[in-house]
Amino acid sequence: MKSFENLLPKLVIAPAFVFGFAFIYGFMIWNGVLSVTGSRMLPNYDEFVGLAQYRQLWDMDRWTVALKNLGIFSLLYVGGSMALGMVLAIFLDQKVRAEGVLRTVFLYPMALSFIVTGTAWKWILNPSLGLEKLMHDLGWASFSFDWLVQSEFAIYCVVIAGIWQSAGFAMALFLAGLRGIDDSIIKAAQIDGASLPLIYWRIILPILRPVVFSTILVLSHLSIKSFDLVMALTAGGPGFATDVPATFMYTMSFTRGQIGLGAASATMMLATVAAIVVPYLYSELRAKPHDR
Amino acid sequence: GKKEEAAPVAATPAPAAAPAPAKTAVEVLHYWTSGGEAKSAAELKGMLEAKGYEWKDFAVAGGGGENAMTVLKSRAVSGNPPTAAQVKGPAIQEWAKEGMLANIDNVAGPEKWDELLPKVVADVMKADGHYVAAPVNVHRVNWMWANPEVLKKAGVAGMPKTWDEFFVAADKIKKSGNIALAHGGQNWQDFTVFESVVLGVGGAEFYDKALVKLDPAALTSPTMTKAVTTFRKLKGYVDDASSGRDWNMTTAMVIQGKAGFQFMGDWAKGEFTAAGQKPGEGFLCAAAPGTANAYTFNVDSFIMFKLKDEAAQKGQADLASAILSPEFQEVFNQNKGSIPVRLGHDMSKFDDCAKLSAADFVATAKAGGLVPSIAHGMAVSPAAEGAIKDAVSQFWNDDKISVADGVKNIAKAAATK
Amino acid sequence: MASSLHIKGIRKAFGKGDKAVEVLKRIDIDVEPGEFLILVGPSGCGKSTLLNIIAGLEEPTEGELHIAGKNVIGMPPAQRDIAMVFQSYALYPTMTVADNIGFALEMRKVPKADRDKRIHEVAGMLQIQHLLDRRPAQLSGGQRQRVAMGRALARDPQLFLFDEPLSNLDAKLRVEMRAEIKRLHHLSGITTVYVTHDQIEAMTLGSRIAVMKDGILQQIDTPDEIYRRPSNTYVAGFIGSPTMNFIPGQVERSGDSGKFVFEGGSLDLPCPDVQQVTLGQRPEHIHLSDDAPWRGQVVLVEPTGADTYVVIKTAVGLMTVRAPANTKIQVGDTAGMTVSGRHNNWFDHSSGVRLKEMDGHHAP
Amino acid sequence: MASSLHIKGIRKAFGKGDKAVEVLKRIDIDVEPGEFLILVGPSGCGKSTLLNIIAGLEEPTEGELHIAGKNVIGMPPAQRDIAMVFQSYALYPTMTVADNIGFALEMRKVPKADRDKRIHEVAGMLQIQHLLDRRPAQLSGGQRQRVAMGRALARDPQLFLFDEPLSNLDAKLRVEMRAEIKRLHHLSGITTVYVTHDQIEAMTLGSRIAVMKDGILQQIDTPDEIYRRPSNTYVAGFIGSPTMNFIPGQVERSGDSGKFVFEGGSLDLPCPDVQQVTLGQRPEHIHLSDDAPWRGQVVLVEPTGADTYVVIKTAVGLMTVRAPANTKIQVGDTAGMTVSGRHNNWFDHSSGVRLKEMDGHHAP
Amino acid sequence: MTAKPFSFGRVVVYGVLLVAALFFLAPMYVMLVTSFKDAAEIRSGNLLSLPQSLNPDAWHLAWNSACTGVDCRGLQPYFWNSVFMAVPAVLISTAWGAVNGYVLSMWKFRGSEVLFGFLLFGVFMPFQVVLLPMSQVLGYLGLSSSIAGLVLVHCLAGMAGTTLFFRNYYTAVPRELVNAARIDGAGFWRIFWRIVLPMSTPIMMVTLIWQFTNIWNDFLFGVAFSGADSKPITVGLNNMANTTSSVKNYNVDMAAAIIAGLPTMLVYVLAGQYFLKGLTAGAVKG
Ligand SMILES: Nc1ncnc2c1ncn2[C@@H]1O[C@H](COP(=O)(O)OP(=O)(O)OP(=O)(O)O)[C@@H](O)[C@H]1O
Ligand SMILES: Nc1ncnc2c1ncn2[C@@H]1O[C@H](COP(=O)(O)OP(=O)(O)OP(=O)(O)O)[C@@H](O)[C@H]1O
Ligand SMILES: [Mg+2]
Ligand SMILES: [Mg+2]
């Protein structure tokens, strides 16, 4: 009897463990195996090619561009969404009128699938149809905003659309966290003479640390897996200027019949992620200032 | 009340002939979703339903079938492939190599497909000497479309025959305030134009060496440099907003008189006709400059998967036979803008462009100008095709890449296995 | 530079419309510069709410509030320059003890070195030096409370507000802390409002005590005055532990002197001119006397170490008597009681209001 | 059916390796069935930790724990059938007061009607009937504490654990609650462990008091015994408020009787056979006497209402004396002190351990 | 927080919120006005101009009769497929995440933190990697091309994320509450159900929003694992939006997009109202 209560939590978490490992790690291993085969159209485990796929991968311009884009995109997208989301959450927390409406307004972009918001943004950012034309029509002739068609700048358009979609969600996460904080702590800080910005920076943000942690993880995984967004907005174009590893991998594996190469790129993606995320996970899970 | 709506049931007009024991479902995966194409697919559906089958439509739009291929692989791997799927070119052989395709010689033999089909087409449909796929149509890719009004306004008389003539005409159009070349900035569109430029500049033989056999010498030859230079020059005639534009939106620019020319396969004709225009009146069609004696073909086809169920196998046979039937070929190709694969098909009901295409098809087949379209997956393996497409598109979009580097990149990409 | 605090007609209601609960009903208190005001009252009477309003953490529904002569209604807490100890501690969970204590100083841009010095001083005073690196979650209840104290004491504000700052400390530490607070107040002279439930704290710390009940101020006076001359039976019963004994009865006058007659006994005392009265006698002013005529049965004997409290059942209710620690009396015994007669508290029977006329009118 | 509680060699350390803090160091306590054990000790000495271990909320690092004769180490709290009042209340924020109180009953499948009856009974007892529909956030500190009490009292467990359950209540209410707890304990006879900082509570409620310090049990005995015969200077100083006065000095023997000599004075007392001793005298056992030879200067006069505490500075340190409330002495006066001689506490000078030989050896 | 009604700070707060609202609303505005315009208006007018009349044709078309392939039933059938897929998948994955988070924050055991780390890292696996092996697994389970299969896939794919949300939210819940409930005799499940869950409203809403959005809007799994009869709305939408005739029906596309987004937006509006509830204030000291 007494051991059952101790066992129960472990039993409850067991399915997650089993499925998590079978599916996530099982598939990862599977992917790793594929990457050293010469699989083309469908998986083919007979043809061992060693690291040839990796060599080919690193030899490709497109892959380098994809990695570089991923770096730019994740940094700006995660940073931008977090910053905007935090600002909005804090401002919404100031007992503003119409909070409900504003919250919904900030959140709704999440609701729309990118297949279509991509179209809308494509339109707005398109120089001859959208913003630029609008400004010209309104008489601001020198206005120029043609990032979408510029190879070097198109990725920033993807960032803008990405932030537009995700900032609201970051806001929701932060707001949920803010609403969970004991009021009297904030009161104490007010008494201590902290200004509102300082209260948020010094007291609330540290308390929200686990929430910030969740948000960073969620956003960065979105950025790494940003597939729909890129597909809908630019489909990797112009050329492959906005290609990211996710679209790269998809294209190689499914369109070009180079499953081995695709698998190699997926492995590289995971390795890159691991190099950045694992230390972060480690430090976050180790420091436990919130244990009560 | 909502419950019934929930499970989508194929809207089946009561089939006349079929006695109705549980109907065999024929699930067809395809990416014919645009207006003209969908109409064509509906034709096939009607024919099969008339034979007593239940047509399960599995249409997946987007990106020239990219999504459809993903689905197909996923379905194949799960051991639950559809009855038939729209696959073309060398990919047919790749699927056959995986051992997944059914032999449909039992239809092809009695129906004498070997005689009915041009050899180039038949070869693509076969693996190890057996038919595994049924061809639907033949598209010509090296077309040039034009709006006569725009040309007239700019003072251009007739369709340019060479690239030099083209640039003269394009300059005039530009001066008259219209866009000279309607182009959609998607990589396959870039590639389609490129293919026509190479064919026009180098001729069919060069095309075959460079873009079909992927001969490194040809790929780095001065002819290639010339083609790439011409290609780069074209960009100056394209508007700013082309990036990411769909091909039919691009065609619409010609239809609406915003732009003069477009290089696109004959499926573009469907858009013109759908807009109520007639060839020679509302729009003009001609082979791309310098390619009058050549023909880049693009054949759509359906592969048949190995299935255990006998009724389903019968369904496959009936599907294959229906696809090749003259009635279907006639209606389908009129909708789609392509020409029938059946040799000697009566073209009288077709429009002028199609007639020209059919004539050129037969002529070039004899003269050796008939080449597979690389941009549409008919010439080389998807891997090499994709790599070259990347190189071409990158060159098109990035003016900082010199012609010499462009040539080098393309040659390097062609080495992809 | 001690500041005055003027509370004028403060009202506070929680909730709206029908569900509104009026927690403070027109409170008026004037606190002189440098004064140490004790706020007492039963649980839920509105003490914390009043402190919150003074601090600016809650808006009063009505009323005025002046600190150092300035109207502060609407002024944010940070600008009021107040230090406060919260009843619920309200420690910052992510900060160490040292950072908790130093935060307010940091906010006031005190240089790091000075800050550290101050933190160590305060921590020493509160005997929590060894905990400076811990986080609140790793502290015991009393330790947390001391950190909360430290946060306030580290500062040098216009006004100190303490909300039961010592409730979780042991008696010994409490005595030490009390002395410390007293010393600090002497030194700094900072005006202080202090909520406590501890009788000793209330009696010894404050210059005045304000007694509240149900959001109404009952009496505000010096500790001695409140203890000796409570203005009504409520205050009389509330201050002092064990509580005052109340004996309802009649005054029978005979010339100048009177006699207080009640069920089961009578006492010869200087009586007021009112017929129906209640006599209040504190436990220490009733004495056990074997042969006294007013008698009852012992129902409880509570030795507290220094004293023993004897509870005696009489016709007018239970009487608590403070007896010496070594009293041998036992439950079940019959005991007689006498009253010294010098510490009589007379209250109007029906209103419970103190009959002032009798003050200073003691038997010889 | 009262249960016994046996605590055997319990040790508890927080943290690991170098950073480990040993909070309990081999605690042994046997609580008889039906006993009411008071647990006292300075803040941070490990009282709450011990309760948590009894309740099964923390695992001891070492040791055994038997409830009703059954070893319960490793047994989940729910199965131990214990009711507990948390020092930090730990009210369920999303439930109303009624639900908070009724939750444990619900968990034990008490039918709704019985449950409601019980909730109302308990709420009545704690004077929180009018709050039953509120949520914890809408309550005052004392009200929250009473809800926390109610949650435990509603039950009928094997063991009650109270962690300073009355600290936030006013004196009057506290007296009432104390009486209520005492009554309930009489009725139910449920074994109880009760942590408090209140001297009066400690002295009056418990059948025995356990005094802890730094995770070590100092003494466990009846209240009377602890107060009168503390086993060392620590316990002597901890129990009783104000604290006991300690006078270090020498015994000068002359035949059977001896003389206790210390800096600034000497006392004729029955003395122990040890040279270097410390004499402990409680404030109520030292008396002011104008002509006594042992003298000092008054540094503090604290009237608490019933008594006045006078702090006198002498050569051996500050002495606190309890004087009557009406004492006229003032700060700065010189005062003489005498000792009754019947309540002497002798301790070994260096170890602080009580010299037992002198117990029962009182001057006539 | 107290602030004077018309302070400078308030103006800044409202100003920023308003500007942000405009930024967020702009694409929606464009989509909405476009959906009511007809083709000619779209071509001639400007992006922001209001439609000359409210023309609901595009909406009718998108819902009932737009064609994808040979199928001309609009989005309707796909819509219901999505409902049948999303509702169970969202509920299961949220519940699963809540329970996991509860265990990982309040019933920690040796190695649970490491376990959590492993689960988290799984979040980063690109879903494309999963497609083929998952098809195979679904094939073995006999769930390929079915709604049940899609539900399973979404539950597995979403589990790590939902666990993360709940676990990190629960770490901020005071341990004393759980302790009190254990003393009160509540076991593992009761504590979860009666104490922890009622406090989870805000994060529950966030998670529901998150999962519902992800699942409803998922295209990759939807297209890869569905059969002809079980295609979700995104696939329908994609077919419609990528299905083009000479004049691209922007108005129909936009109407379809809004229809496809309506359920998610509805969920947001409803969920948003619960944000304010379930505060922990006043639970414990410290
Ligand atoms: N998680 C922890 N990590 C380290 N030390 C801890 C932790 N929890 C408690 N302690 C320490 O253990 C000691 C005992 O704590 P406990 O709460 O038992 O004290 P207590 O006797 O109840 O004190 P109080 O009367 O102040 O409530 C304290 O010194 C405290 O700082
Ligand atoms: N948010 C609220 N909504 C409704 N009533 C409230 C709210 N906050 C406090 N109250 C009520 O207001 C009254 C006064 O509360 P307050 O905290 O000021 O009492 P207190 O005098 O400090 O009591 P204690 O000594 O128990 O701490 C209490 O009866 C309490 O129930
Ligand atoms: Mg209070
Ligand atoms: Mg404690």
Side-chain angles (χ1 to χ4, degrees), chain C residues 14 21 40-49 87-88 127 131 138-146 163-164 167-175 179 197-200 202-204 223-224 227-228 237-243 282-284 300 302-307 309 322 325-326 342, chain D residues 14 21 40-49 87-88 127 131 138-146 163-164 167-175 179 197-200 202-204 223-224 226-228 237-243 282-284 300 302-307 309 322 325-326:
Chain C
F14 284 109
V21 189
V40 297
S43 169
C45 72
K47 304 179 295 293
S48 300
T49 308
Q87 191 172 11
S88 58
Q127 305 173 23
L131 304 174
Q138 298 171 316
L139 301 179
S140 78
Q143 289 165 343
R144 285 182 203 178
Q145 195 164 39
R146 278 178 282 165
D163 202 349
E164 307 193 22
S167 63
N168 268 284
L169 304 185
D170 56 277
K172 196 170 166 223
L173 197 54
R174 204 180 309 190
V175 171
H197 285 320
D198 188 297
Q199 295 283 332
I200 308 284
M203 295 303 292
T204 59
D224 188 55
Y227 192 82
R228 295 201 298 120
F238 188 79
I239 296 287
S241 177
T243 188
R282 297 209 176 269
E284 68 265 27
L300 183 68
E302 280 198 325
T304 66
D307 311 289
Y309 291 100
R322 178 164 107 168
N326 53 2
R342 294 173 57 201
Chain D
F14 284 108
V21 190
V40 298
S43 170
C45 74
K47 305 178 296 294
S48 300
T49 308
Q87 190 173 11
S88 56
Q127 306 173 22
L131 305 173
Q138 299 171 316
L139 300 179
S140 78
Q143 289 165 343
R144 287 182 201 175
Q145 196 163 40
R146 279 179 280 164
D163 201 349
E164 306 193 23
S167 64
N168 268 284
L169 303 186
D170 56 279
K172 194 169 169 223
L173 196 55
R174 205 181 307 191
V175 171
H197 285 320
D198 187 298
Q199 295 283 333
I200 308 283
M203 295 302 293
T204 59
D224 188 54
I226 291 241
Y227 192 82
R228 294 202 300 120
F238 189 78
I239 297 285
S241 178
T243 188
R282 296 205 177 272
E284 67 265 28
L300 184 67
E302 281 198 323
T304 68
D307 309 290
Y309 290 100
R322 178 163 107 169
N326 53 1

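Letters go in sequence order (proteins before strands), and every chain restarts at 1. The analysis underlying the following values was restricted to heavy atoms, covering all of them including side chains, and did not include hydrogens, waters or symmetry mates.
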Worksheet item: In Å and rounded to the nearest 0.5 Å, what is the CG to OG distance from D/D198 to C/S167?
Response: 11.5 Å

Item to complete: Locate the shortest heavy-atom distance separating D/T204 from C/E302; write the atom from each residue and the value.
Response: CB-OE2, 3.5 Å

Response to the item:
Among D/R282, D/Q127, D/R146, the residue with the most heavy-atom pairs under 4.5 Å to chain C is D/R146

Practice prompt. Mind checking side-chain hydrogen bond (donor to acceptor under 3.5 Å, both in side chains) for D/D163 and listing every partner two or more places apart, or none if nothing turns up?
Written response: D/S48

Item to complete: Check whether any side-chain heavy atom of C/P42 sits under 4.5 Å from a side-chain heavy atom of D/L173, and report yes or no.
Response: no

Fill in: chain C contact via D/P223 - which portion, at a heavy-atom distance below 4.5 Å
neither

Fill in: Max heavy-atom pair count under 4.5 Å with chain C, selected residue of D/S241, D/P242, D/A202, D/A171
D/A171

Worksheet item: Could you state the interatomic distance from NZ (D/K172) to OG1 (C/T243), rounded to the nearest 0.5 Å?
Response: 6.0 Å

Worksheet entry | Engaged part of D/S43 at the chain C interface, taking heavy atoms whose separation is under 4.5 Å | both

Worksheet entry | Point-to-point distance, once rounded to the nearest 0.5 Å, from CD1 of D/I200 to OH of C/Y309 | 5.5 Å

Fill in: Nearest non-hydrogen partners of C/E164 and D/N168, listed with the distance
OE1-OD1, 2.8 Å

Item to complete: Drop me the distance from C/Q199's CD to D/T304's OG1, to the nearest 0.5 angstrom.
Response: 9.5 Å

Discussion item. With a 4.5 angstrom heavy-atom cut-off, is it the side chain or the backbone of D/V21 that approaches chain C, or both, or neither?
Written reply: side chain

Worksheet, complete the sentence: Among C/G305, C/P303, C/P283, the residue with the most heavy-atom pairs under 4.5 Å to chain D is C/G305

Worksheet entry | Point-to-point distance, once rounded to the nearest 0.5 Å, from CZ of C/R144 to OG of D/S88 | 6.5 Å

Discussion item. Please determine whether a side-chain nitrogen of the Lys or Arg among C/K47 and D/D170 lies less than 4.0 Å from a carboxylate oxygen of the Asp or Glu.
Written reply: no

Practice prompt. Output the option from D/V175, D/L169, D/L139 having the highest count of non-hydrogen pairs under 4.5 Å with chain C.
Written response: D/L169

Item to complete: Let me know if D/Q143 has heavy atoms under 4.5 Å from chain C in its side chain, its backbone, both or neither.
Response: both

Discussion item. How close do C/R342 and D/N326 get, counting heavy atoms only, and between which atoms?
Written reply: NH2-ND2, 4.1 Å

Worksheet item: So, C/Y227 side chain and D/A306 main chain: donor-acceptor pair closer than 3.5 Å or not?
Response: yes

Worksheet item: At what distance, to the nearest 0.5 angstrom, does CD of D/E284 lie from CG of C/D307?
Response: 7.0 Å

